[in-house]
Peer 1: 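Quick one: structure below, then a few questions.
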Number of protein chains: 2
Amino acid sequence: MEERYKIDEVAKQCGLTKRTIRYYEELGLITPPERTEGGTRLYTRLHIERLKQIINARDVLGFSLQEITDFVALREQLAQSGDAYRQAEEVELKRSKLLEAGQMIDQQLRMIDHKLEKMKEFRKEIERLRKRVTEGLEKLQ
Amino acid sequence: MEERYKIDEVAKQCGLTKRTIRYYEELGLITPPERTEGGTRLYTRLHIERLKQIINARDVLGFSLQEITDFVALREQLAQSGDAYRQAEEVELKRSKLLEAGQMIDQQLRMIDHKLEKMKEFRKEIERLRKRVTEGLEKLQ
DNA sequence: TCCTCCTATAACGTTAACGTCAACGTTAGA
DNA sequence: TCTAACGTTGACGTTAACGTTATAGGAGGA
């Protein structure tokens, strides 16, 4: 396997423009893909999955690209810290990093729960509106 | 009762700036408040409630101000159409308006449900991250 | 009445998130 | 090999959603 995709293919699969994809790379939201000798970008499935996640965070959660950047950085921190704590001094450092990451994650969780609740409230509001419309239509006939 | 608030008070209660409040009025997101003889805006509780709803739609649902404007217009349509269908010709008009409104509302409902689902997915993703952090901390001690 | 703080309008400035255009090199098929 | 279609890098343009500044006039307490 190990299939590679050029930027136009990726754009169509994700519903983004080519410009946007390059822009996201520029911001560090996705890792720079391989290139051909001529400079053409060659993306993998992972890139596409990542882009779809970003679109989700952007559209559904309303995150700014800056917030997503921070989040991506956090994930990378965690990915890196999986290994390499051979030295005793590093242990304390790693612990504090993990604690900090935990704080941030908990904060994100609280924020998401808050959004979920507000969104459910909003849904009920909309349902009330629909009920009024339905009743209005019934009255008409 | 019928208490009135000046713009700075409203700004503090809503967590907005005065500029933003005037801007939202300019866009038609809130009805223009009464004025004193000198021109000072005097807001009611209703204005404040409305502003809080707008903030919710903006921050939680990620709606653009344009989308909120449309939504506000829809609500007003429905509020108006509660009465006044004395003439026979108006009945058909009202029916079509109600049908159109119903379409839009259903669309909104589907969109919200979609967002709710995606948000829950995202929440699980974050929880997985937290689990990894917790496990990492346990391994350290 | 005066003085200080608040408010109003108008107009220009700013930032994020891309769009668009130009100028040029790359790919790949006939 | 040639060429049409696609890709690359700047660089400037655009829009939404306000911020900021300037200028001028109201509110209200001593």
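A note on names: the letters A, B, ... follow the listed sequences, proteins ahead of strands, and every chain is numbered from 1.
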Peer 1: Examine D:dG19: is either OP1 or OP2 under 4.0 Å from a nitrogen or oxygen in the side chain of B:T20? Give yes or no.
Peer 2: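 Yes.
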
Peer 1: Just to confirm, is there a sub-4.0 Å distance from OP1 or OP2 of C:dC6 to any side-chain nitrogen or oxygen of B:K6?
Peer 2: no

Peer 1: To the nearest 0.5 Å, tell me how far B:M111 CE sits from B:Q108 CD.
Peer 2: 4.5 Å

Peer 1: Going by the angle between their ring planes, with limits at 30° and 60°, are B:F122 and A:F71 parallel, tilted or perpendicular?
Peer 2: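 The rings of B:F122 and A:F71 sit tilted, inter-plane angle from 30° to 60°.
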
Peer 1: Side-chain N or O of B:T17 versus OP1/OP2 of D:dG19: is the shortest distance under 4.0 Å?
Peer 2: yes

Peer 1: In whole angstroms, how far is the C1' atom of D:dA17 from the CD1 atom of B:I21?
Peer 2: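 Going from B:I21 (CD1) to D:dA17 (C1'), I get 15 Å.
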
Peer 1: What is the distance from CZ of B:R58 to C1' of D:dA17, rounded to the nearest Å?
Peer 2: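 B:R58 atom CZ is separated from D:dA17 atom C1' by 9 Å.
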
Peer 1: Please report, rounded to the nearest Å, how far the P atom of D:dA17 is from the CD atom of B:E26.
Peer 2: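 From B:E26 CD to D:dA17 P: 12 Å.
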
Peer 1: Any idea which of D:dG7, C:dT26, D:dG26 is nearest the A:K18 side chain?
Peer 2: D:dG7

Peer 1: Can you tell me if B:R41 touches the phosphate of D:dA27, counting only side-chain N or O atoms and a distance under 4.0 Å to OP1 or OP2?
Peer 2: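 Answer is no, no contact under 4.0 Å.
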
Peer 1: Report yes if at least one side-chain N or O of A:T36 is closer than 4.0 Å to OP1 or OP2 of C:dT27; otherwise report no.
Peer 2: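 Result: yes.
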
Peer 1: Separation of A:Y23 atom OH from D:dT9 atom P, in whole Å?
Peer 2: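 Result: 16 Å.
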
Peer 1: For A:E9, I'd like to know if atom CD has over 12 heavy atoms of other residues, nucleotides or ligands within 6.0 Å.
Peer 2: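 Above 12, so yes.
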
Peer 1: Roughly, in whole Å, what's the span from CD1 in B:I7 to C1' in D:dA27?
Peer 2: 15 Å

Peer 1: For A:D8 and C:dT27, what is the distance between atoms CG and P respectively, to the nearest whole Å?
Peer 2: 16 Å

Peer 1: Looking at the side chain of B:R22, which of C:dC18, D:dG7, C:dA8 is the nearest nucleotide?
Peer 2: C:dA8

Peer 1: How long is the straight-line distance from CG of B:D8 back to NZ of B:K18, given to the nearest 0.5 Å?
Peer 2: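 Taking NZ in B:K18 and CG in B:D8, the distance rounds to 4.5 Å.
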
Peer 1: May I ask you to evaluate whether B:R19 reaches the phosphate of C:dA10, defined as a side-chain N or O under 4.0 Å from OP1 or OP2?
Peer 2: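 Looking at the OP1 and OP2 atoms of C:dA10, neither is under 4.0 Å from any side-chain N or O of B:R19.
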
Peer 1: For DNA chain D, whose closest nucleotide is more 5', that of B:L27 or that of A:G39?
Peer 2: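 With B:L27 and A:G39 compared, the 5'-side residue is A:G39.
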
Peer 1: Taking B:K115 for its side chain and A:L61 for its backbone only, find out whether a donor-acceptor pair lies under 3.5 Å.
Peer 2: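 Judged by distance alone, no pair lies under 3.5 Å.
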
Peer 1: To the nearest angstrom, how far is A:E25 atom CD from D:dG7 atom C1'?
Peer 2: 13 Å

Peer 1: Rounded to the nearest Å, what distance is computed from the CD atom of residue A:Q66 to the C1' atom of nucleotide D:dA17?
Peer 2: 18 Å

